[in-house]
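Worksheet for the structure shown next.
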Amino acid sequence: DLEDMLIELRNVSKLGTKLEEDAKSAQFDRAAALELTINELITASKLSLNNDMHILLSRNRRLHLDAIELLLTNFASTLTKKQSSELLSRFIPSAKLLLQSQQQRLGKDHPDVARTYHDLSMGIRSLLSSSPKRLLQLKLEGMTTMEECSRVEHECAREKKRIEGLYPRDVDEILESVRR
């Protein structure tokens, strides 16, 4: 199961420097294979389902984003700049489509939508700083110029913050103050 594999890779990568080089290399290879497998699964599922917003694709896209995030954070020193750019080039379209699907199903104020806004913002920001030409080559709707890309990144960050503000983290304190 792909989800179990991702969880296992996260747990193993938490060991960090304790892993031998051969083990790190093997874990990187597994994580890269997982990302590619999920990407292929999304492509095949889109053709089979004939619906870009199908709920099954949402779960696959979330898994895809998580797999890429794992590679970018836990194996950053292993990745070349080109590999990182290629990962981000797959990350951003997946995040955009996941966001559209979540908004349709969950509404615009759901915490999962906030997480995806954050993911999209971070992906755009990373590609803007490391490979802006690659970002423009994606030819995503509303992101055809550097200015538009920056604006979309800023809007995503702002929406994430707005949604998070709807869900206070200090609920116990708030409830206690109301009881007084």
Side-chain angles (χ1 to χ4, degrees), residues 1-43 45-46 57-102 111-140 142-143 146 148-161 163-164:
D1 182 51
L2 297 175
E3 288 180 353
D4 293 338
M5 190 176 181
L6 181 63
I7 291 167
E8 179 188 333
L9 285 167
R10 279 186 185 143
N11 291 335
V12 169
S13 67
K14 286 179 184 175
L15 298 174
T17 57
K18 296 177 187 175
L19 288 177
E20 299 290 326
E21 278 307 309
D22 288 346
K24 282 182 188 177
S25 178
Q27 293 306 312
F28 170 76
D29 291 345
R30 287 184 71 212
L34 176 65
E35 185 272 326
L36 289 174
T37 301
I38 296 168
N39 193 41
E40 289 174 12
L41 177 63
I42 291 169
T43 302
S45 297
K46 281 191 320 191
L57 287 172
S58 292
R59 183 67 202 129
N60 291 339
R61 285 189 178 109
R62 172 46 54 202
L63 255 168
H64 189 230
L65 297 180
D66 291 345
I68 292 174
E69 183 181 352
L70 176 76
L71 282 163
L72 291 171
T73 55
N74 296 347
F75 299 101
S77 61
T78 307
L79 294 168
T80 65
K81 183 179 177 182
K82 183 179 180 195
Q83 288 172 320
S84 294
S85 292
E86 288 172 1
L87 285 170
L88 287 166
S89 295
R90 291 191 293 274
F91 183 91
I92 293 169
S94 269
K96 276 193 77 145
L97 288 167
L98 176 60
L99 181 62
Q100 290 171 358
S101 179
Q102 287 175 328
D112 289 349
V113 173
R115 178 180 178 201
T116 306
Y117 268 123
H118 175 72
D119 290 342
L120 185 53
S121 171
M122 296 305 290
I124 293 169
R125 184 177 306 150
S126 293
L127 212 47
L128 266 174
S129 65
S130 66
S131 185
K133 286 182 183 177
R134 184 71 183 114
L135 180 59
L136 294 176
Q137 288 172 347
L138 294 175
K139 298 182 184 198
L140 297 171
M143 296 176 58
M146 296 299 288
E148 286 178 341
C149 293
S150 267
R151 184 180 41 75
V152 169
E153 185 277 325
H154 178 74
E155 287 171 1
C156 288
R158 188 182 67 226
E159 273 300 289
K160 181 236 183 208
K161 191 173 183 173
I163 296 167
E164 279 187 339

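None of these values were measured; they are calculated from a predicted model. Note: hydrogens, waters and symmetry copies are ignored here, and every other heavy atom, side chains too, is used.
- Separation of atoms NE2 (His118) and CD1 (Ile163) is listed at 13.0 Å; rounding is to 0.5 Å.
- With sequence neighbours excluded, no residue satisfies side-chain hydrogen bond (donor to acceptor under 3.5 Å, both in side chains) with Ser84.
- In plain terms, the two heavy atoms of Asn60 and Ser45 that are nearest each other are ND2-OG, 3.9 Å.
- Judged as a side chain to side chain contact (heavy atoms under 4.5 Å, CB included), and not counting sequence neighbours, the contacts of Gln83 are Leu79, Thr80.
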Give every donor-acceptor pair under 3.5 Å between a side-chain atom in residues 91-100 and any protein atom, sequence neighbours left out.
unit_1	atom_1	unit_2	atom_2	d
Ser94	OG	His64	ND1	3.0
Lys96	NZ	Glu141	O	3.0

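- Taking the side-chain hydrogen bond (donor to acceptor under 3.5 Å, both in side chains) definition, one finds that Arg62 meets it with Asp66, Thr116, Asp119, sequence neighbours left out.
- Scanning for salt bridge (Lys or Arg N to Asp or Glu O under 4.0 Å) contacts around Glu155 gives Arg151, with sequence neighbours left out.
- Of all non-hydrogen atoms in Leu70 and Ala31, the two that sit nearest each other are CD2-CB, 4.1 Å.
- A distance-only check finds a donor-acceptor pair linking the side chain of Ser89 to the backbone of Ser85 [under 3.5 Å].
- By the side chain to side chain contact (heavy atoms under 4.5 Å, CB included) test, Leu128 pairs with Ile124, Leu135, Met146, Cys149, Ser150, sequence neighbours left out.
- Note that OG of Ser126 and CG of Leu88 are 5.5 Å apart. Values are rounded to the nearest 0.5 Å.
- In this structure, CG on Leu65 lies 8.0 Å from CZ on Arg115, to the nearest 0.5 angstrom.
- Thr73 meets the side chain to side chain contact (heavy atoms under 4.5 Å, CB included) test with Glu69; sequence neighbours excluded.
- For the salt bridge (Lys or Arg N to Asp or Glu O under 4.0 Å) condition, the pairs that include at least one residue of residues 123-139, sequence neighbours left out, are Arg125-Glu153.
- Smallest separation of non-hydrogen atoms from Gln102 and Asp112: OE1-O, 3.4 Å.
- Here the closest non-hydrogen pair linking Ile42 and Leu57 is O-CD2, 3.7 Å.
- In this structure, CG in Leu127 is found 8.0 Å from CE in Met143, a value given to the nearest 0.5 Å.
- Here Arg30 pairs with Glu8 under the salt bridge (Lys or Arg N to Asp or Glu O under 4.0 Å) rule; sequence neighbours left out.
- Two residues are said to be in side-chain contact when any heavy atoms from C-beta on lie closer than 4.5 Å; Phe28 and Leu71 meet this criterion.
- Residues meeting the side chain to side chain contact (heavy atoms under 4.5 Å, CB included) test with Ser25, sequence neighbours left out: Asp29.
- Residue pairs that meet the salt bridge (Lys or Arg N to Asp or Glu O under 4.0 Å) test with at least one member in residues 75-85, sequence neighbours left out, are Lys82-Glu86.
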